[in-house]
Amino acid sequence: MIRSQLKQLVDEGFARGVREGFWTDAAAGKYTVEVPKHEGQGDFSTNLALVVAGLEKCNPRQVATRLVELLGDEGPMIERLEIAGPGFVNFFLRPSVWSSVLAPIREQGERFGRAGFGAGEKVLVEFVSANPTGPLSVGHGRNAILGDTIARLLEAVGYDVQREYYFNDAGRQMRVLGESTRARYLELLGLESDFPEDGYQGDYIYDIARSLREEHGDRLKDADISVFKERAQEAIFADIDATLQRIGIRFDSYFNEHTLYEEGLIDDVVALLQEKGLVYEKEGATWFRTTALGLEKDRVIIKSTGEPTYRLPDIAYHREKFRRGFDRMINVFGSDHIATVPDVLAGVRALGYDDARVQVVLYQFVTLLRGGRQVKMSTRKATFVTVDELVDEVGVDALRFFFLMRKADSQLEFDLDLATQQSQENPVYYVQYAHARLCSIERQAAEKGLPVIDFEAAALDLLREPEEFALLKLMAEYPAQVAGAARDLAPHRMIFYLMELAGRFHSYYNRHKVLTDDADLTLARRCLCDGLKTVFRNGLLLVGMTAPTRM
RNA sequence: GCUCCCGUAGCUCAGUAGGAUAGAGCACAGGAUUCCUAAUCCUGGUGCCGCAGGUUCGAAUCCUGCCGGGAGCACCA
């Protein structure tokens with residue numbers, strides 16, 4: 001907000017310089033106004049002179065001098081300007097401008113930080129998309145939290161977001177699931193059973209088998225595999241659903257791969273690709289000529305058995321996303337899906353759609369540490385830790401926080417010992433405690449009989465401590481943080497922002513009292529704290545956490 | 001062999017579409033509570049930003065090659 005006002009001033013100065021022939025408009029939109037890294041370099045800084053000088057091949061310090069002349073060296077916001085280093089222009093603002101961030105925060109309340117630049121564009125965020133073969137494991141957890149938080153961020157900046165879960169209840173995996181369930185059922189009946197070699201070994205299969213036995217006795221001993229498969233799938237899906245609800249995630253739609261077959265959409269895609277000469281037969285299989293689209297080798301889309309490989313439905317599914325009218329499509333995938341992405345995008349492109357509208361967020365694997373040792377995980381062997389188990393141990397807030405703490409590109413080390421101990425080492429509490437403390441101050445104020453905050457009556461220029469300026473500056477950055485995190489699909493930035501704000505607040509709290517003997521100062525500081533509380537609350541809710549009022 | 005991600009302090013990681021003097025938490029050591037919650041704060045220091053070149057006024061950031069770790073490279077999803 002303050003930054004954007006300043007940016008406007010700089011833009012005007014730049015435009016005047018263009019009119020007066022000091023420079024061309026080549027640098028328009030290329031320079032920035034930023035908060036400098038180091039103390040003593042002003043409240044904001046622009047690299048305009050460096051950018052202009054680079055494009056026009058002239059001396060940056062001369063350009064900076066011109067700019068300073070054009071801007072005038074003071075004004076209602078600016079106290080003084082300074083040319084520094086290779087040609088930065090540093091802005092030193094009047095201290096009073098900082099407290100002006102409090103009014104909009106107060107007016108906008110829970111809307112503070114939201115933006116409208118998404119302009120109602122329709123975005124489909126597809127995530128989790130785990131086939132119902134077992135409970136959600138740690139890897140799915142990262143997917144779920146990432147996808148949901150990205151959706152929240154996009155909603156916050158004005159996109160019309162739809163959350164979708166794509167799944168497949170046919171196919172080999174599910175057949176194995178059915179066989180595994182039947183084997184357990186027969187085993188429970190004391191009958192001969194041959195558990196599939198690559199079957200699912202988790203105890204949850206026993207649970208499902210047990211419920212079948214209770215309901216049907218031994219009447220299913222000769223039943224078709226589909227009975228077992230359907231029952232298993234149903235039970236597991238209910239389980240997944242419960243887990244998701246528990247961690248605050250709901251989907252707007254579920255898309256079953258079945259639909260693509262039933263509505264002939266698979267055949268459509270093959271026919272369309274055929275028309276374009278991108279399909280051929282070889283060794284009994286149908287191949288997609290991806291080499292013609294710039295990829296390394298051709299891929300099979302229909303096996304010699306007549307069954308499609310995963311690529312074909314994936315392409316058809318993405319075609320449906322376009323046909324359903326989405327402007328942007330975001331997929332959250334584990335890094336093991338890396339190889340499939342180019343093929344699907346090539347398919348989309350071949351069908352005449354703009355694949356730039358499809359964005360894939362790939363996240364690296366989660367390694368689980370317990371007792372300092374890596375836990376090996378396998379879905380089949382059921383040696384995995386489930387999301388439910390994690391939530392049991394650490395709670396929803398810590399789960400979300402830990403999964404968001406790292407950028408998607410980084411492998412995430414989930415230290416169970418750290419996350420499970422509810423101690424001060426746990427950074428989750430650090431942030432939440434800041435909010436609880438702010439609430440506590442207001443409770444104290446009420447107990448002392450202080451009146452409700454009268455914002456209009458407050459003398460905000462009494463906020464003059466360096467720690468207060470630091471807080472106000474950081475609060476003013478909040479909307480830009482949300483916008484940046486949404487733009488780059490990078491939820492971890494919100495976590496880092498909140499940790500920094502919490503650090504500054506705790507530090508301030510220890511050094512200065514809010515509730516003092518000076519009524520005016522107290523009121524001003526309560527206004528500051530009120531604003532902080534709003535920012536913490538908004539930030540925590542935005543990433544799907546709670547903002548506790550006491551701890 | 002090929003593709004993608006990662007490599008920054010002892011450990012775990014940030015670094016916001018190249019910017020000024022490199023950042024945080026943890027760990028380690030010491031200190032702070034008659035006072036709004038000590039789940040807090042304060043004080044200590046550490047870096048060949050994996051290596052080598054290149055691009056430019058300027059590189060942890062961009063390009064090339066190499067080294068190390070991870071994920072892939074199926075008529076599995």
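The sequence lines fix the lettering, A, B, ..., with proteins before strands; numbering per chain opens at 1. Scope of the values below: all heavy atoms of this structure, side chains included, with no hydrogens, waters or symmetry mates.
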Which residues pass the side chain to side chain donor-acceptor pair (under 3.5 Å) test with A:Gln62, not counting sequence neighbours?
none

Taking NZ, NE, NH1 and NH2 as the nitrogens, is one of them in A:Lys229 or A:Asp169 under 4.0 Å from a carboxylate oxygen of the other?
no

In whole angstrom, give me the gap between the P atoms of B:rA9 and B:rC4.
26 Å

Base, sugar-phosphate, or nothing for A:Thr516, non-hydrogen atoms under 4.0 angstrom?
nothing

Tell me: CG of A:Leu412 to P of B:rC13, nearest whole Å?
8 Å

Classify the nucleic acid contact of A:Ala285 as base, sugar-phosphate or nothing, counting any heavy atom under 4.0 Å across all strands shown.
base

Between B:rC2 and B:rC48, how many Å separate the two C1' atoms, rounded to a whole number?
32 Å

Rounded to whole Å, CZ of A:Arg406 lies from P of B:rC13 at a distance of 5 Å

Could you measure between the two C1' atoms, the one in B:rC6 and the one in B:rC13, and give it in whole Å?
12 Å

Under 4.0 Å: is that the gap between some side-chain N or O of A:Tyr430 and OP1 or OP2 of B:rC41?
yes

Please determine whether a side-chain nitrogen of the Lys or Arg among A:Arg172 and A:Asp198 lies less than 4.0 Å from a carboxylate oxygen of the Asp or Glu.
yes

With heavy atoms under 4.0 Å as the rule, sort A:Glu283 into base, sugar-phosphate or nothing.
base

By the 4.0 Å heavy-atom rule, please label A:Arg550 as base, sugar-phosphate, or nothing.
base

Using the C1' atom as the point on both nucleotides, what is the distance between B:rG30 and B:rG23, in whole Å?
24 Å

Contact between A:Cys527 and A:Ile453 at the side-chain level, heavy atoms closer than 4.5 Å - yes or no?
yes

Looking at the side chain of A:Phe365, which of B:rU40, B:rG19, B:rA71 is the nearest nucleotide?
B:rA71

Under 4.0 angstrom between A:Lys297 side-chain N/O and B:rC2 OP1 or OP2:
no

As a test of reading the structure: which of B:rA20, B:rC4, B:rA38 is closest to the side chain of A:Ala84, going by heavy atoms?
B:rA20

Glycosidic conformation of B:rA27, taking syn as within 90° of 0 and anti otherwise
anti

Integer angstrom distance from the P of B:rC62 to that of B:rU16:
10 Å

Looking at A:His492, does any N or O in its side chain come under 4.0 Å of the phosphate oxygens OP1/OP2 on B:rG15?
yes

For B:rC75 versus B:rG65, give the span between their C1' atoms, rounded off to a whole number of Å.
37 Å

Base of B:rU21 and ring of A:His38 stacked, centres under 5.5 Å, planes under 30°:
yes

Short side-chain N/O contact from A:Ser410 to OP1 or OP2 of B:rA14, under 4.0 Å
yes

Tell me: NE2 of A:His337 to P of B:rC73, nearest whole Å?
11 Å

Nucleotide pairing, RNA chain B (Watson-Crick or G-U, distances under 3.5 Å), in dot-bracket with [ ] and |:
(((((((..((((.....[...)))).(((((.......))))).....(((((..]....))))))))))))....

Spacing of the P atoms in B:rU8 and B:rG70 (rounded, Å)
15 Å

Of the listed nucleotides B:rG19, B:rC75, B:rC5, the one nearest the side chain of A:Pro86:
B:rG19

For the P atoms, the ones on B:rG50 and on B:rG10, what distance do you get once it is rounded to whole angstrom?
13 Å

Taking OP1 and OP2 of B:rC36, is either one under 4.0 Å from a side-chain nitrogen or oxygen of A:Lys513?
no

Can you tell which of B:rG70, B:rG15, B:rA38 lies closest to the side chain of A:Gln411?
B:rG70

Measure from the side-chain heavy atoms of A:Arg511 and tell me the nearest of B:rC42, B:rC36, B:rC75.
B:rC42

When A:Gly284 and A:Met551 are each assigned the nearest nucleotide of RNA chain B, the 5'-most assignment goes to A:Met551

Distance in angstrom units between A:Leu450 CG and B:rC36 C1', rounded
11 Å

Below the 4.0 Å mark, does B:rA38 have OP1 or OP2 next to a side-chain nitrogen or oxygen of A:Arg437?
yes

Using the side-chain heavy atoms of A:Asp488, tell me which of these nucleotides is nearest: B:rU16, B:rC75, B:rU40.
B:rU16

By the 4.0 Å heavy-atom rule, please label A:Gln432 as base, sugar-phosphate, or nothing.
nothing

Distance to the ring centre below 6.0 angstrom and angle to the axis at most 45 degrees; does that hold for A:Arg80 and A:Phe92?
yes

Rounded to whole angstrom units, what separation is found between the OH atom of A:Tyr497 and the P atom of B:rA24?
18 Å

So, under a plain 3.5 Å distance rule, would you say the side chain of A:Thr309 forms a donor-acceptor pair with the base of B:rA77?
no

Send over the distance from A:Met405 CE to B:rU12 P, rounded to a whole Å.
13 Å

Residues A:Lys533 and A:Glu442 bridged, charged N to O under 4.0 Å:
no

Using a strict 4.0 Å threshold on nitrogen-to-oxygen distance, state whether A:Arg526 and A:Asp530 make a salt bridge.
no

Within the structure shown, what part of the strands sits under 4.0 Å from A:Ala53 by heavy-atom distance: base, sugar-phosphate, or nothing?
nothing

Taking every heavy atom of A:Thr290 against every heavy atom of A:Arg299, the minimum-distance pair comes out as OG1-N, 3.6 Å

Rounding to an integer number of Å, can you tell me how far A:Tyr310 OH sits from B:rC73 P?
7 Å

Taking 4.0 Å as the cut-off, does a side-chain nitrogen or oxygen of A:Lys407 come that near to OP1 or OP2 on B:rG15?
yes

If you only use heavy atoms from C-beta on, which nucleotide in B:rG72, B:rG70, B:rC13 is closest to the side chain of A:Asp336?
B:rG72

With A:Glu467 via side chain to side chain contact (heavy atoms under 4.5 Å, CB included) - residues at least two apart:
A:Glu465, A:Tyr508, A:Arg511, A:His512

Regarding B:rC5, can its base be found pairing with the side chain of A:Ser335 as donor and acceptor, where the two atoms are less than 3.5 Å apart?
no

Under 4.0 Å, counting only non-hydrogen atoms across every strand here, what does A:Ile301 touch: a base, just sugar-phosphate, or nothing?
nothing

Taking only the side-chain heavy atoms of A:Gln364 (C-beta and beyond), determine which of B:rC5, B:rC36, B:rA20 contains the nearest atom.
B:rC5

Starting from the 5' end of RNA chain B, give me the residue, A:Phe496 or A:His512, whose nearest nucleotide shows up first.
A:Phe496

Cationic tip of A:Arg311 within the cone over A:Phe288's six-membered ring, i.e. under 6.0 Å and within 45° of the normal?
no

Return yes if the base of B:rA20 and the side-chain atoms of A:Asn90 contain a donor-acceptor N/O pair under 3.5 Å, otherwise no.
yes

Quick check for you: among B:rA17, B:rA20, B:rA14, whose closest atom lies nearest to any side-chain atom of A:Phe88?
B:rA20

Relative to the ring of A:Tyr159, is the ring of A:Phe117 parallel (under 30°), tilted (30 to 60°) or perpendicular (over 60°)?
perpendicular

Rounded to whole Å, how long is the line connecting atom CD of A:Glu500 with atom P of B:rG25?
10 Å

Nearest-nucleotide pick for A:Ser507, side chain only, options being B:rA74, B:rC42, B:rG15
B:rC42

Using 4.0 Å as the upper bound for N to carboxylate O, is an ion pair formed by A:Glu468 and A:Arg525?
yes

